[in-house]
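Presented below is the structure to which this report refers.
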Amino acid sequence: MNFENLFDYDVTQYTLVSHVLTLGFAVMAAGLVYFLATRGSVAPRYQFASVLSAVVMVSAFFELWVLSERWSQAFTWNGAAYVQSDTLFSNGYRYMNWSIDVPVLLIQLLVVLGVTGRAFHRSWVTFVAAGLAMIYTGYAGQFHETERSAPYWVWGLVSTVFFLGLLVLVARVIFGSLARLPESARGVARAVWWLVLVSWMLYPGAYLMPALWDSADGVVARQITYTVADITSKVVYGVLLGIIARKVSAAEGHAPAVDDDVARPRGGITAAAR
Ligand code: RET
């Protein structure tokens, strides 16, 4: 049982949650179009990263859509407030979505940063194992968030250990790859690190919300936090990785990316038309 089910909501609170959930899945749909449309601007070996972004978009779209439907079924207007109906709202759907998205987002990093061979295999296995362990221990803990008994804190803590391990690994992969990247891509790679650090920390923040702000406003804050985290960790992250892939492709001489990189089409119909 999630703490969303404990409160009544006024019109503003109810509508705000409904709007941010809708914003969430609308951005995922927009992201899907963007990642598929820009796929051809990178060298073939980086195009897999765009496909992975598209996979993340589709799974997040459906998860947030279901969650949004769930929100509108779980509460009904009684003339004074939105009150609980016979359907429960549940953030558990988010955890199921992360079990797809977290491994995919991390593998995407390896593809774009050009990690190959045994190093790729080793990082891939650790990313998936630590990612799933982080998610499922947190999933076990969130069932106890309304009473905040020992399992809530213990599972949350165990999950945090895996989370910190993952962050160390991500830092190693990013900073260990900088020397291999062209000069023009290094700043973006560092930005990816900061983005991961800040956007991923929002998820444990949302987990803690029942303990920090146990009220209907806390529910609104939690759903806004989740939406900001989703848009930054999935979409903005994918856009930044796409920029790195284009810069690396340009440095490797992939023609569409070279044009893109200097923002000035050369030759052909486009130049003639100018
Ligand atoms: C939990 C439980 C409490 C402790 C910690 C957590 C971390 C969750 C994270 C989730 C990241 C999700 C992403 C999804 C993208 O699609 C499980 C909330 C540390 C870091 C990046």
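Counting convention: from 1, in listed order, for ligands and their atoms alike. Given the structure is predicted, the values throughout are model-derived calculations rather than measurements. Only this structure's heavy atoms are used, side chains among them; waters, hydrogens and symmetry mates stay out.
- Ring geometry for Trp98 against Tyr226 counts as tilted: the plane angle lies between 30° and 60°, on a 0 to 90° scale.
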* **Asn91/Gln223 under side-chain hydrogen bond (donor to acceptor under 3.5 Å, both in side chains): CA gap, chis, key distance, verdict** => CA-CA 9 Å; Asn91 287 300; Gln223 295 304 323; 3.2 Å; yes
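- Ligand 1 lies under 4.0 Å from heavy atoms of Tyr95, Trp98, Asp101, Val102, Leu105, Met134, Gly138, Gly156, Ser159, Thr160, Phe163, Trp200, Tyr203, Pro204, Tyr207, Ser233, Lys234.
- Using a cutoff of 4.0 Å between basic side-chain nitrogens and carboxylate oxygens, Glu252 and Lys247 are not scored as salt-bridged.
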Check: residues 126-138 side-chain donor-acceptor pairs under 3.5 Å, at least two apart:
| unit_1 | atom_1 | unit_2 | atom_2 | d |
| --- | --- | --- | --- | --- |
| Thr126 | OG1 | Arg122 | O | 2.6 |
| Tyr136 | OH | Ser99 | OG | 3.1 |
| Thr137 | OG1 | Ala133 | O | 2.7 |
| Thr137 | OG1 | Met134 | O | 3.2 |

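- For the side-chain hydrogen bond (donor to acceptor under 3.5 Å, both in side chains) with Ser41, the lone residue among His254, Arg246, Gln47 that qualifies is Arg246.
- By the 4.0 Å N-to-carboxylate-O rule, Glu183 lies close enough to Arg186 to be salt-bridged with it.
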